[in-house]
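Okay, so here's the structure we're looking at.
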Amino acid sequence: MKLLGTLWRIVVGIKDLLVLLLLAIFFIALSAALSSGKVARVPDGGALVIALDGAIVDQASETTPFNAASGNVPAEVQTRDLVRAIDAAAADKRIKALVLELDGFMGAGQANIETVVAALERFRKTGKPIHAWATAYTDDSWLLAAPATRIWANSLGGVIITGPGGSNLYFARALDKLNIDVNVFRVGTYKSFVEPYTRASASPEAKAADQALVNSLWQSWLAEARRLRPKADIPAYIAQLPQRLGRFGGDGARAAQDAGLVDQLGSRDDFDAAMIKLVGEDELADWGHFAGVSLDDYLNAIGGQAKSKGDAVGVVYVTGNIVDGEAPRGTAGSATIRAALEEALEKEPDIKALVVRVDSGGGSVTASEEIRAALLAAKADGLPVVASFGPVAASGGYWVGTAADEIYAQPSTITGSIGVFAILPSFPRALNEIGINADGVKTTPYSGEPDVVAGLSPEVRQVLQMGVEDIYRRFLGVVSTARKLPVAEVDRIAQGRVWAGAEAQKLKLVDKFGTLDAAVKAAAAKAGIKGEPRVIVIEKPVPEWQKALESFGKAEADEQAQARDPWARLMQASRLRMAAAVADLGTMASGRSATMQAACVECAVAGSPRPAAQAKAEHWLARLIGAQH
């Protein structure tokens, strides 16, 4: 009877859940229908208000209808949407100023910040002012605010600049205590993805390479900061922070203003009053009481691209972890990308060239090759292919990029990581500890292998290592052919080592520095397209009903509280890094990393934040911790 009662409660729960979901979908659809056809109003003389409540990414993650209906929507803004809105506002006579609201900003890959900064600089050249507001600033938010005419900070806030770097988690001792064997197969002196599971700390080789990487990224960040705010001496501010705080009795906001990092201190009401004086009043505005239009409404008002006909450049997005088969946006599913590319080329004969935009630390080797092969097929049909590397294009991401005739990156792009590995956990010691033994029969040395219960046989270990070495040789060959470098030279700069774009160009792993826009222009020139090319985005489409659900969920998610104190913001970032490390452990434990992988763990240093993936990681971490109580 107890079992029947439990089953009945499950059935009733499912029924109630479905009813709630159907009601949510009904009301959202009704809301969407009522609002369809309405174009957002752009007030004459108002501000474009860019409230970044989330992360800046190349491609926003896809959510499920249930998550959207429940308000669980990833807080992400696409770089291309930001740039399009800022450039349109620069030429829009109705827009008098631009306001950056950065209290809820969760960060971005450094390369994407530089892309948005370039758009903000174009806006300022028109003579229109930019005002940035945040309670407190950290590395990403301050660099994004640096081009502003005036940087505002709350008098209770401040600026904390830390530079790239931080700790990683190493699980080897814990795994040993749990009697879990980690079987690692890799090639590459610097392929440090496996080290968290095999060591208690980083190897000297990995640590030296990682230090060189963050040093290069830091120099790129400082160079950009000096260019944008020459009077703000960041190294001196960091070196003398305790003394500077002491001079103002611990007041971080005044210390930041004195160092030239912020221009104006005040409350949110003070900022609101200043903006009312600049652009006029609007009592109904969501962001305060000054006249303006939000980013989403402005994008809706200006519509899509102006040109609907003429020769075009197709932009293929490869973002997130590269996996085999189908995958939602924000994850690079090889079958999804291949199908989208083939469909676009069939339906859009105006596409004369391709740009593959990569923001990925890699993943499955076979998936990376499937995407590369689809690009090579387009090249065989006469389409020039140019690669645009975003914040990260490493391991499998670099593998994909080798299909291009030319590679554009930025000095802060993380690239390279040419190496291969596979990880298989096995549990014979753990099972033996609790009295469980494995036994059986075989017809060949490979029967029942890989045997995670009894452990891997010597023959399987040998075959797997040989397989990894074979894939590495193929990787070297792919790079050698694409970059016209001797295999020995590729091997010297490969070995799984990660490079910043500044070094990668010297090593001939990339050709030129430039944003996605520069890569599009280069592809158009190669195809002989005259004038400004039309751009067609090639990715998995989003159904209209799902857009309505996501819009509803985003409105709910925007109400969530964000950390605003500078140290609380840094603590939040540290927690997310820990959650990501634990998520990697979960991937290893699940056996998904048993396939041949070309992936990069160091890429988290400056890659695009992924709120959806991090939220899953935090959930996994919470379950792990909860299991210990």
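In what follows, every heavy atom counts, from backbone to side chain, and hydrogens, waters and symmetry copies are set aside.
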- Query: Can you name the side-chain contact (heavy atoms from CB on, under 4.5 Å) partners of Ala500, sequence neighbours left out?
  - Reply: Leu213, Ser216, Leu217, Glu503
- Task: Quick one: list whatever passes side-chain contact (heavy atoms from CB on, under 4.5 Å) with Ala239, sequence neighbours left out.
- Result: none
- Test item: Leu341 and Leu354 side chains (from C-beta on) under 4.5 Å apart, heavy atoms: yes
- Message: Hydrogens and angles aside, do Tyr317 and Asp359 bring a side-chain donor and acceptor to less than 3.5 Å of each other?
- Response: no
- Task: State which residues pass salt bridge (Lys or Arg N to Asp or Glu O under 4.0 Å) with Asp81; sequence neighbours excluded, sorted by chain then number.
- Result: none
- Partners meeting salt bridge (Lys or Arg N to Asp or Glu O under 4.0 Å) with Asp251 (sequence neighbours left out): none
- Applied to residues 253-264, the side-chain hydrogen bond (donor to acceptor under 3.5 Å, both in side chains) test, sequence neighbours excluded, yields Arg150-Gln264, Arg229-Asp263, Arg247-Asp258
- Message: Which residues pass the side-chain contact (heavy atoms from CB on, under 4.5 Å) test with Arg226, not counting sequence neighbours?
- Response: Leu222, Ala223
- Item | Salt bridge flag under 4.0 Å for residues Lys309 and Asp350 | no
- Message: For residues 265-280, which residue pairs pass the salt bridge (charged side-chain N to carboxylate O under 4.0 Å, His left out) check, not counting sequence neighbours?
- Response: Glu101-Arg268
- Are side-chain heavy atoms of Ser220 and Gln110 found at a separation under 4.5 Å? yes
- Item | Distance-only side-chain donor-acceptor flag, Glu539 / Gln59, under 3.5 Å | yes
- Message: Between Lys128 and Lys96, does the side-chain contact (heavy atoms from CB on, under 4.5 Å) criterion hold? Intermediate values first, please.
- Response: CA-CA 6 Å; Lys128 300 178 183 181; Lys96 185 177 180 181; over 6 Å; no
- Note on the structure: Across all chains, not counting sequence neighbours, the ring-ring contact (aromatic ring centres under 6.0 Å, His included) partners of Trp221 are Trp142, Trp218
- Report yes or no: do Ser61 and Glu76 form a side-chain donor-acceptor pair below 3.5 Å? yes
- Just jot down the ring-ring contact (aromatic ring centres under 6.0 Å, His included) partners of Phe123, sequence neighbours excluded, or say none. none
- Message: Between Arg534 and Asp311, does any side-chain N to carboxylate O distance fall below 4.0 Å?
- Response: no
- Under 3.5 Å, is there a donor-acceptor pair between the Thr331 and Asn321 side chains? no
- Message: Run the salt bridge (Lys or Arg N to Asp or Glu O under 4.0 Å) test against Glu406 and tell me which residues pass, sequence neighbours left out.
- Response: Lys512, Lys526
- What pairs meet the salt bridge (charged side-chain N to carboxylate O under 4.0 Å, His left out) rule with one or both residues in residues 213-225, with sequence neighbours excluded? Glu224-Arg227
- Query: Taking the side chain as C-beta and beyond, is there a heavy-atom pair between Ile50 and Val99 under 4.5 Å?
  - Reply: no
- Just jot down the side-chain contact (heavy atoms from CB on, under 4.5 Å) partners of Ala409, sequence neighbours excluded, or say none. Phe389, Thr413, Val510
